[in-house]
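As structure tokens, the structure follows; a few thoughts come after it.
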Amino acid sequence: MANSNWSERIVRLLRRMNNFYLPGSCRDNGLRFEIDGLQVGWIPPHVAPLLTRYPEVFSPPHGGAVALCPGLDSYGRRSEAVDAVLRSLRREGSLTCLQGWRDEKYSVMAKFSDPPLMWMERAATCLFGVKRYGVHINGYTVSDSGEVSMWLARRSPTKQTYPGLLDNLAAGGLSAGLGIKHTLVKECQEEACIPAAIAEKARPVTTISYTYEDEEGVFAESQFVYDLELPLEFKPRVGDGEVQEFYLLPMDKVKELLVTDDFKPNCAMVALDFLIRHSFIEPDSEPCYQEFVAGLHQTV
């Protein structure tokens with residue numbers, strides 16, 4: 001039988017990362033964000049009043065939704081108009097998330113397969129609850145005796161978010177206009193000095209989706225997950241400075257670390273999924289197995 005304390009801590013992690021679905025969240029009193037009749041996000045209550053100051057960009061709240069004005073009828077017009085609003089709000093300094101401005105454009109669309117309706121500054125996406133996409137790579141090795149170990153990265157202490165915490169081998173957000181595989185190869189090279197010839201062997205295995213809220217806004221995220229079996233003799237190296245160190249750990253140790261405060265929460269979810277898919281966690285011995293699986297695949 002599984003360790004009940006470990007299982008309960010995993011369940012708490014998954015509930016925390018999906019607290020948008022719990023009673024009392026801003027899902028009860030927020031507003032849908034719509035573009036051209038399509039819902040693309042969820043605006044928290046503290047953000048909606050700020051948008052009414054820009055009637056040339058945002059229509060007044062109506063029917064539980066805030067929409068972009070109809071005159072903003074193209075990708076470019078929408079992107080430029082919203083960006084101007086966000087830069088104005090950034091200068092005011094009242095929204096803490098905008099202090100982390102990255103000059104990184106994220107696509108905004110109703111579904112990942114849809115054509116983007118606009119782009120938005122990454123740091124501002126939580127103000128509108130728009131879906132953010134990324135790619136995470138599980139790097140692992142298999143010994144001659146069949147023992148599986150996983151490469152984990154420790155984030156740089158200077159990272160803007162979650163400094164110093166454990167992370168997957170490599171990961172990155174999908175910037176506007178860039179594909180998933182392109183981003184995977186780029187992040188592997190930049191963060192872990194993994195040659196493209198090796199990175200391209202990574203296999204797409206699943207997506208992890210969750211939505212949480214905090215004092216800054218709503219974070220609706222979906223990660224494309226890849227497994228990359230690395231040669232036993234290969235060792236990732238620190239590249240662009242976003243990582244301070246890499247560790248190769250047995251799966252029992254990875255499992256132990258998942259429930260500590262030392263792991264970046266969404267990366268712990270990606271590693272948990274690896275444990276499930278590779279049968280290190282099984283339904284006969286883990287009473288919370290179905291809760292684990294459900295918590296990894298929530299959609300707004």
(request) Carefully, step by step, assess L257 and L249 under the rule side-chain contact (heavy atoms from CB on, under 4.5 Å). (result) CA-CA 10 Å; L257 288 168; L249 301 174; 3.6 Å; yes

(message) Can you confirm whether W6 sits close enough to E286 that some side-chain heavy atom of one is under 4.5 Å from a side-chain heavy atom of the other?
(response) yes

(request) Indicate yes or no: at least one non-hydrogen side-chain atom of V130 is less than 4.5 angstrom from one of Y106. (result) no

(request) Show the numbers, then the answer: is there a side-chain contact (heavy atoms from CB on, under 4.5 Å) between Y54 and S88? (result) CA-CA 10 Å; Y54 304 92; S88 174; 3.1 Å; yes

(request) Show the numbers, then the answer: is there a side-chain contact (heavy atoms from CB on, under 4.5 Å) between M251 and H278? (result) CA-CA 10 Å; M251 297 312 299; H278 290 263; over 6 Å; no

(message) Strictly distance-based, threshold 3.5 Å: is any side-chain N or O of R77 a donor or acceptor partner for the main-chain N or O of G71?
(response) no

(message) On a heavy-atom basis, which atom in A123 and which in E121 lie closest, and how many Å separate them?
(response) N-OE2, 3.0 Å

(request) Before giving the answer on side-chain contact (heavy atoms from CB on, under 4.5 Å), spell out for I281 and L272 the whole-Å C-alpha distance, their side-chain angles and the decisive distance to 0.1 Å. (result) CA-CA 9 Å; I281 297 174; L272 173 67; 3.6 Å; yes

(message) I need the L178 CG to S107 OG distance, nearest 0.5 Å.
(response) 9.0 Å

(message) Is it the case that atom CZ in R237 sees more than 12 heavy atoms from other parts of the structure closer than 6.0 Å?
(response) no

(request) Verify the neighbour count for atom CZ of R16: are there more than 12 heavy atoms of other residues, nucleotides or ligands below 6.0 Å? (result) no

(message) Is the shortest side-chain heavy-atom distance between V82 and L72 below 4.5 Å?
(response) no

(request) Could you grab the distance from atom CZ of R91 to atom CG of L86, nearest 0.5 Å is fine? (result) 10.5 Å

(request) Please list, chain by chain and in numerical order, all residues satisfying side chain to side chain contact (heavy atoms under 4.5 Å, CB included) with A192, sequence neighbours excluded. (result) L169, I194, P236, F246

(message) Is there a path of hydrophobic side-chain contacts, each under 4.5 Å between heavy atoms, that joins V205 and L275?
(response) yes

(message) Using every non-hydrogen atom in the two residues, find where S7 and C288 come nearest and quote the distance to one decimal.
(response) CB-SG, 4.0 Å

(message) Measuring only between side-chain heavy atoms, which start at C-beta, is V238 closer than 4.5 Å to E245?
(response) no

(request) Report yes if the side chains of H297 and T206 come closer than 4.5 Å at any heavy-atom pair, otherwise no. (result) yes

(request) Measure the spacing between CD1 of I137 and CG of N168 and express it to the nearest 0.5 Å. (result) 8.0 Å

(message) Assess whether a salt bridge exists between D103 and R87, defined as any Lys/Arg side-chain N lying under 4.0 Å from an Asp/Glu carboxylate O.
(response) yes

(request) May I ask whether Y133 and L127 are part of the same hydrophobic cluster, defined by side-chain heavy atoms of I, L, V, M, F, W, Y residues being less than 4.5 angstrom apart, directly or through others? (result) no

(request) Locate the shortest heavy-atom distance separating A110 from V40; write the atom from each residue and the value. (result) N-CG1, 3.8 Å

(request) Using modelled atom types only, decide if a donor and an acceptor are shared between the side chain of S25 and the backbone of Y21 within a distance under 3.5 Å. (result) no

(message) Could you tell me if the side chain of I208 sits less than 4.5 Å from the side chain of H136, heavy atoms only?
(response) no

(request) Determine, for E200 against K181, whether the closest basic-nitrogen to carboxylate-oxygen distance falls under 4.0 angstrom. (result) no

(message) Quick check for you: to the nearest 0.5 Å, what is the distance between R9 atom CZ and T260 atom OG1?
(response) 7.5 Å

(request) Could you tell me whether the side chain of E213 and the main chain of C26 form a donor-acceptor pair under 3.5 Å? (result) yes

(request) Look up atom CD1 in I180 and atom CZ in F224, then write down how far apart they are to the nearest 0.5 Å. (result) 4.0 Å

(message) Are F58 and I35 connected into the same hydrophobic cluster when the rule is that any two of I, L, V, M, F, W, Y join if their side-chain heavy atoms are below 4.5 Å apart?
(response) yes

(request) Over all heavy atoms of both residues, which pair between S222 and S209 is shortest? Give the atoms and the distance, please. (result) OG-OG, 3.0 Å

(request) Return the minimal non-hydrogen interatomic distance between P231 and T141, and the atom names on each side. (result) O-CG2, 4.3 Å

(request) Taking the side chain as every heavy atom from C-beta outward, state whether L174 and F112 have any pair of such atoms under 4.5 Å apart. (result) yes

(request) Would you kindly confirm whether W119 and F128 end up in one hydrophobic cluster when ILVMFWY residues are joined by side chain heavy atoms under 4.5 Å apart? (result) no

(request) Please round to the nearest 0.5 Å and tell me the distance separating atom CZ of R203 and atom CD of E229. (result) 8.5 Å

(request) Say whether L184 and V225 are linked into one hydrophobic cluster, either directly or through other cluster members, by side-chain heavy-atom distances under 4.5 angstrom. (result) no

(request) Apply the ring-ring contact (aromatic ring centres under 6.0 Å, His included) test between Y140 and each candidate in Y226, F274, W151; give the one that qualifies. (result) F274

(message) Show every salt bridge (Lys or Arg N to Asp or Glu O under 4.0 Å) that has at least one partner inside residues 165-176, sequence neighbours left out.
(response) R155-D167

(message) Suppose we screen for side chain to side chain donor-acceptor pair (under 3.5 Å). Which residues come up paired with N266, at least two apart in sequence or across chains?
(response) Y210, K264

(request) Kindly give the heavy-atom pair with the smallest separation between N18 and G295, and that separation in Å. (result) ND2-O, 3.0 Å

(message) With a 4.5 Å cut-off on side-chain heavy atoms, are Y212 and M17 touching?
(response) yes

(request) Evaluate whether atom CD of Q290 has more than 12 neighbouring non-hydrogen atoms of other residues, nucleotides or ligands under 6.0 angstrom away. (result) no

